[in-house]
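One structure is given here, and the rest of the page talks about it.
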Amino acid sequence: MRVLVVTAVAAERDAVVRGAAAAGTGPAEEAPGRVAELALPGYVLHRPAPAGPQPLVIDVLAAGVGPAAAAAGTATALAAAVLSGSPYDLAVSAGIGGGFTATATATAAAPGRTAPVGSVVVSDAIVAADLGAETPTGFVPVTELGFGTVEHRPPAALVRAVAEAAGAQRGDVLTVSTVTGSAERAAALVAARPGALAEAMEGFGVAEAAAAHGVPVLEIRAVSNPVGPRDRAAWRIGDALEALAGASAALREALRAAPAETWSSS
């Protein structure tokens, strides 16, 4: 199986590589910790040494911040893999992000579901939360304007397997082009999407590129801060990166235990 993991920045990429490499065990892994760097036009893939009797290849790409950069990097890597004769079986958007708190979810159907700092969320749905138009009566998603899509759903069996392996919650992960900076905006996002647990900036871009190539997609977010008013003192980026490394190790083990044929059609 071949998996492409796309992050925004190098620190996230390094955490994913560290976790994926640490997951490798057994005599088939002759060089644990070894990471190859593979050049693409405009990008560099990082590949931890494959391990196991049926090697699982995980390539990690830091594509840049925001959905456009994520889509461009993902599309480049997916196309290069097809042209090389070794297409990917799965694309994953991974990184740190904001978690919705009890304040933001107070109006949601399930107000008890929150994503505290240091926790991990695996996407039931990858949602473009601000793709649309502002009108006198409020925000209208692009689908109600007659265009495109605002949601991609990962394979349900894969979501369950990865969430269980990582000890993570399952929920919607929202993609935004502008990070939420107020309690009012956080509450509005959850009111529009009651299943939302996390917010980030790249997932929908990865998902759009993957969909264009017919490749399943997943998003994994480690929570570094609450969604809402910006309070840098409350951010725990180091803790979130460690949680991301742990989730990446869990992803590798879940994929070994549940090969693509068990979830690709779910």
Side-chain angles (χ1 to χ4, degrees), residues 1-26 29 31-38 43-52 55-63 70 73-74 77 88-97 99 115 117-123 126 154-155 158-171 173 197-198 200-203 206-207 210 215-224 236-260 263:
M1 185 189 302
R2 294 173 56 82
V3 179
L4 174 66
V5 181
V6 182
T7 72
V9 298
E12 294 168 323
R13 176 201 64 206
D14 293 345
V16 172
V17 167
R18 185 168 69 253
T25 58
E29 186 171 21
R34 180 172 58 85
V35 178
E37 296 187 7
L38 309 173
Y43 303 95
V44 177
L45 294 173
H46 286 65
R47 178 181 296 171
L56 169 63
V57 175
I58 297 179
D59 291 336
V60 190
L61 170 66
T74 303
Y88 289 107
D89 301 293
L90 174 68
V92 180
S93 176
I96 64 176
V117 171
S119 67
V120 175
V121 176
V122 179
S123 58
I126 301 169
L158 177 62
V159 173
R160 289 192 297 269
V162 174
E164 181 176 349
Q169 294 192 81
R170 294 162 44 195
V173 180
L197 282 180
M201 300 182 73
E202 293 78 33
V206 173
V215 175
V217 68
L218 182 72
E219 185 166 8
I220 300 172
R221 291 289 161 181
V223 177
S224 59
R236 298 292 182 267
I237 292 176
D239 292 344
L241 290 171
E242 285 305 309
L244 179 61
S248 301
L251 170 68
R252 187 166 187 166
E253 294 308 309
L255 292 175
R256 283 177 173 162
W263 49 258

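What's counted below: heavy atoms across the whole structure, side chains too, no hydrogens, waters or symmetry copies.
Scored by the side chain to side chain donor-acceptor pair (under 3.5 Å) test, Arg47 finds Asp59 as partners (sequence neighbours excluded). For Val3, the side-chain contact (heavy atoms from CB on, under 4.5 Å) partners are Met1, Val5, Leu56, Ile58, Leu90, Val92, Leu255, not counting sequence neighbours. The salt bridge (Lys or Arg N to Asp or Glu O under 4.0 Å) test applied to Arg13 returns no partner, not counting sequence neighbours. Contacts of Ala8 classified as side-chain contact (heavy atoms from CB on, under 4.5 Å), with partners at least two apart in sequence or in another chain: Glu12, Val65, Glu202. Applying the side chain to side chain donor-acceptor pair (under 3.5 Å) test to Glu242 and every residue at least two apart in sequence or in another chain returns Arg18. Scored by the side chain to side chain donor-acceptor pair (under 3.5 Å) test, Ser93 finds Arg221 as partners (sequence neighbours excluded).
With hydrogens and angles ignored, the 3.5 Å screen pairs a side-chain donor or acceptor of Arg252 with a backbone N or O of Ala20. One N or O on the side chain of Ser123 and one on the backbone of Glu219 form a donor-acceptor pair closer than 3.5 Å.
Across all non-hydrogen atoms, the minimal contact from Gly73 to Leu61 is O-CD2, 3.4 Å. Pairing each heavy atom of Val16 with each of Ala94, the nearest pair is CG2-CB, 4.2 Å. When all heavy atoms of Pro216 and Asp89 are compared, the closest pair comes out as CD-O, 3.3 Å. The minimum heavy-atom distance linking Val6 with Ala63 is given by the pair CG1-CB, 3.8 Å. Val120 and Ala247 make their closest contact through CG1-CB, 4.0 Å (heavy atoms, listed as atom of the first residue, atom of the second, distance). Across all their heavy atoms, Leu197 and Arg170 have their closest contact at CD1-O, 3.5 Å.
Between Asp14 atom CG and Leu241 atom CG the span is 9.0 Å, to the nearest 0.5 Å.
Side-chain contact between Leu251 and Leu218: present, with at least one pair of heavy atoms (C-beta onward) separated by less than 4.5 Å. Taking 4.5 Å as the limit, every side-chain heavy atom of Asp239 sits out of range of all side-chain heavy atoms of Ser224.
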Mind running side-chain contact (heavy atoms from CB on, under 4.5 Å) on Leu244 and Thr7 for me, showing each step along the way? CA-CA 11 Å; Leu244 179 61; Thr7 72; 5.6 Å; no
